[in-house]
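Here is how names work: the chains are called A, B, and so on, in the same order as the sequence lines, proteins then strands, and each is numbered from 1.
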Amino acid sequence: MTTQLDSRPQRKASQNLPLDLFKKYSQKVIRPLIALFILLVIWQILCMSPTSNLPSPIKTVQDTWILIANPLFDNGGTDKGLGLQIAASLGRVAIGFSLSAIVGIALGILVGSNQFMYDALDPIFQVLRTIPPLAWLPISLAALKQSNPSAIFVIFITAIWPIIINTTVGVQQIPQDYKNVARVLRLSRQKYFFKVLFPSAVPYIFTGLRIGIGLSWLAIIAAEMLVGGVGIGFFIWDAYNSSRLSEIILALVYVGIVGLLLDRMVAFIASKVVSEDKK
Amino acid sequence: MSVFVEVDHIDRVFPLPNGGSYVALKNIELKIKQGEFVTLIGHSGCGKSTLLNIIAGLDQPTHGGVILEGRQVTQPGPDRMVVFQNYSLLPWLSVRDNIALGVDEVMANRPAGERKGIIEHHIDLVGLRHAAHKKPGELSGGMKQRVAIARALALRPKLLLLDEPFGALDALTRGGLQEQLMKICEESQVTCIMVTHDVDEALLLSDRIVMLTNGPESHIGQIIDVEIPRPRHRMEVVNHPSYYSWRNEMIYFLNQQKKDKLRKAGKVQVIARNGLEKVNLEIGFIPLTDCAPLVVAKEKGFFEKHGLEEVTLNREPNWKAIAKGMATGRLDAAQMVAGMPISLTMGAGNNPPLPMVSALALSRNGNAITLSKHLYDQGVRTLADFKAALEATPDKVHTLGMVYPSSMHNLTLRYWLASGGIDPDQDVSLTVIPPPQMVSNLKAGNIDGYCVGEPWNSRAVNEGHGFVVATDLDLFPGHIEKVLGVREEWANKYPQTHLALVKALLEACQYCDDPRNREEIVGLLAQDQYVGSSLEDIRPGFIDAYDRGTSAPPQMLQRYNQFFVDRTNYPERVEILWVLTQMARWGLTPFPKNWLSIIERVRRADLFGEAARQLELPDMGRDRGPIKLFDGTVFDPNDPIGYLNNLEIKRQIRIEEIDIDAVAMPVA
């Protein structure tokens, strides 16, 4: 027995600390950095010739260094720093998305807990949700007459469908066991809602919210391009019209990063709210 | 105590998507007393959870209703708390909040301090103080189940409904929780209904076990009263004398249900092979020493030698189960007590006539009458002493056990009692008890004696619970005891199979009577799937000298278990006529005016003769002479009615023409 035990391969104690750290982070950090670097190099090679239509990365940074360095300048009108532009867009998203979250969750619970409403409304939702966000813009402009509320409405109408549909599913998926517990205890409606229905549907609601926020960020760029005013979408459109391609590229990078951060933020809130068992 | 919960003739019909309907429960009727612990047991899908949900009010019966304390149950309520199979704790609430949810809702009219006290008390009750703040996700399965039980008990329910509460737990946790539940139930006097799969769990916890048959149309198949005194302990209940017989009964029930399901699904097919119509036979037997020919035929390959390659021997709990197995077609053939083929044929006991055929006697002798040690200590040694003991205690009812109304045990026991001037219906009480349960009933004092086949007499002697007052050799030496019985319709359908069966068993009988083989046979019989008794209980009378449990020295008994010699196997008619007269004497059946045709039809000497000739054995019958019993009475087979009229102790004797073919065959 003893010989067998001794002959077992033993895990070697780590000796080389930097190497260990490298191993630990290589997967999550170093590999993406390598990929990014290679992409930039390819881009640089492709766009190096002076006749190229698009700027190379080095040229992009050179061209837009003022914007990168000063994100918060304000020269009045639409001539503002990128930080302020993004903040304006985020403000619209915040209003539109908040509205769609409130209305969407309420509608979703109503539809999910009432078979009649579900039968009546679900087909309509299924049709409406397939309409592309920008298709709503003309009709909202016509109805609201102003550009800013129209953009917010587009956000609202884009984000609401995944929230409604996921909330509905969440309510419908409440395990029969929980419903039975509530029935046996004869819980009041109010208590049922807060202690059983809502907590049980929360994971689904957050799935809806996460999809919703992604879609609203997608929609705001397109909407702002059309309605104008301060905002990252119009900034891109304005830059295109002035042939400032480097600025467009910088704006795109910012848009991507903000979109990612929004998604991560909702996911983070979900992880704090949703209990261990339900994930 | 009065009825607490009444399940009043419940049906539950589920509509099917294709427009049809599925009858899950059919005519369930159950009355439960306050404080009782009732278990529902059955195979998956038999509707036991549906029944529990109906009692809880979570589901509504299609017909009938549930009445709790005189009020009909129409909706769920906290007076009938359910402990669900998968705990059903709300994962976003801590242990304390899960319990509080119900308490705060149901006891809203009590002050907050009292509610808090109740919550904390129940947390302590299930020993979860250290985990009170944890969420269910952080708990083990056993802890979750404890929370679920605490949540249910905290509401002080009148009725606790448990749906497989310990199903998902490991054995150790389960055992601990079972004891905890029992303790809590006893302390708070709560009435419980539990659904389970586990027979040991059911026996440990229950006062009554309700066994449900398979769906569709599931109904109550059997109810066992578990009379183990409380408080019970997990390690000790198994020592109760009836524990294993109850357990066997339940397992038998569940196995039968399983086989039933297979048969309904059409999976049991007739396999024809080797020139026989059917080689897969289900044969029933009762754990007794004289089931030896069946065991030998199976173990020593006599069945296979005659082409019966797939014979299953079914150990049955009692003779009634064999009769039922025959009637339903579950069994192809069975070991039977001597009078059974003819009593089934005549439809005794208000059953429809079921024509049977017996072409082979399997054994002779092998029974004895045992009386309790208690009577022995009072000085009872003989029948006359027993009569004196009965007269000395006129206010005490003496109960004697026997195995089946038309068995030789019942008839010789009655004959023996009557010969001593004891009326078997008035001076004592006779009760039917399956052979393997005789000793435990004697030990428990439920009966004062019995007549049964071995090894159940020697067992009582060896364990010191009784003594043998008379053996077959004292009463009716060489009488026919066990026979092979099949349905007449079956014999007509599978004539070659029947012949092969008779031949195989005839050879096995010959093997059993060779003294050189007896040691080996004892070893075979002692196996659990056959008699399952110890060697010491089987040997006396079979090989060794027979100990009566008295001061007399053990004595060698010649032909105590007789399987072949002296034309044992011939389907004798005179003895069956004697059986008919005795059954008529005690009012079990009318005496058939057409007795000759009925006996001829049941006792198929022609089939026996064919089998014996093919085996080159003599097929001679026994002499058709009068039977002379120990008391000197002579039975003349030419004048059975005259014999009946001359008997002193007897019931009103009916003599009727019995038309066996009047009722259509009940076998599908």
Side-chain angles (χ1 to χ4, degrees), chain A residues 101 105 108-109 112-115 118-119 163 166-210 266-279, chain B residues 49-50 52-60 73-95 97-108 134-139 141 144 147-148 151-164:
Chain A
I105 292 171
I109 288 174
S113 52
N114 186 324
Q115 189 62 36
Y118 178 78
D119 292 340
I163 299 175
N166 278 286
T167 307
T168 303
V169 172
V171 172
Q172 285 171 340
Q173 297 284 317
I174 297 175
Q176 187 61 40
D177 295 328
Y178 300 164
K179 289 189 201 165
N180 282 345
V181 168
R183 287 177 66 195
V184 169
L185 295 176
R186 291 205 189 138
L187 289 185
S188 63
R189 281 182 158 273
Q190 188 196 355
K191 223 169 184 175
Y192 175 68
F193 182 84
F194 285 109
K195 296 280 186 182
V196 180
L197 186 146
F198 195 71
S200 174
V202 153
Y204 292 86
I205 293 175
F206 269 96
T207 307
L209 291 178
R210 225 173 132 178
V266 177
F268 177 75
I269 296 171
S271 75
K272 288 290 153 199
V273 172
V274 180
S275 65
E276 298 282 320
D277 248 23
K278 299 289 292 184
K279 272 190 285 188
Chain B
S49 291
T50 307
L52 199 76
N53 281 346
I54 289 175
I55 297 172
L58 291 166
D59 194 5
Q60 296 300 318
V73 168
T74 52
Q75 55 168 340
D79 54 345
R80 281 157 286 124
M81 265 312 287
V82 187
V83 177
F84 295 95
Q85 192 173 357
N86 41 12
Y87 326 128
S88 294
L89 301 176
L90 302 180
W92 45 86
L93 297 180
S94 71
V95 167
D97 291 341
N98 260 298
I99 299 174
L101 181 69
V103 173
D104 289 342
E105 185 73 28
V106 175
M107 304 181 175
K134 287 188 179 164
K135 297 268 173 71
E138 304 166 70
L139 303 180
K144 280 188 221 172
V147 179
R151 176 175 68 184
L153 287 171
L155 305 179
R156 311 266 162 85
K158 293 170 182 164
L159 188 59
L160 190 62
L161 303 165
L162 305 120
D163 192 355
E164 291 187 35

Asks: Can you check whether B/Arg80 reaches A/Val184 side chain to side chain, under 4.5 Å on heavy atoms?
Replies: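 Of all side-chain heavy-atom pairs linking A/Val184 with B/Arg80, none is under 4.5 Å.
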
Asks: So, for A/Asp177 and B/Ser88, which heavy atoms are closest and what is the spacing to 0.1 Å?
Replies: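 Closest pair (atom of A/Asp177, atom of B/Ser88, distance): CB-OG, 2.8 Å.
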
Asks: Report yes if the side chains of B/Trp92 and A/Val202 come closer than 4.5 Å at any heavy-atom pair, otherwise no.
Replies: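 Side-chain contact under 4.5 Å: no.
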
Asks: Shortest non-hydrogen contact from B/Val106 to A/Leu185?
Replies: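 What the structure gives for the nearest pair is CG2-O, 4.0 Å.
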
Asks: Checking heavy atoms, do the side chain of A/Lys191, its backbone, both or neither come under 4.5 Å from chain B?
Replies: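 Just the side chain, heavy atoms under 4.5 Å.
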
Asks: In Å, rounded to the nearest 0.5 Å, how long is the span from CG of B/Asn86 to CD of A/Gln176?
Replies: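 Going from the CG atom of B/Asn86 to the CD atom of A/Gln176 covers 11.0 Å.
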
Asks: Return yes if some donor-acceptor pair links the side-chain N/O of A/Arg186 with the main-chain N/O of B/Pro76 below 3.5 Å, else return no.
Replies: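 At least one qualifying donor-acceptor pair exists.
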
Asks: Below 4.5 Å from any heavy atom of chain A, which atoms of B/Asp104 appear? Answer side chain, backbone, both or neither.
Replies: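 Both backbone and side chain.
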
Asks: Taking all heavy atoms of B/Leu89 and all of A/Tyr178, pick out the closest pair and write down the distance.
Replies: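 Looking at all heavy atoms of both residues, the closest pair is O-CE2, 3.5 Å.
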
Asks: Check whether B/Gln85 gets within reach of chain A through its side chain, its backbone, both or neither, counting any heavy atom under 4.5 Å.
Replies: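 For B/Gln85, no heavy atom lies under 4.5 Å from chain A.
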
Asks: When heavy-atom pairs shorter than 4.5 Å are enumerated against chain A, which of B/Leu101, B/Leu90, B/Val82 gives the highest number?
Replies: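 Of the options given, most contacts go to B/Leu101.
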
Asks: Side chain, backbone, both or neither: which part of B/Leu155 has a heavy atom under 4.5 Å from chain A?
Replies: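 Just its side chain gets close to chain A.
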
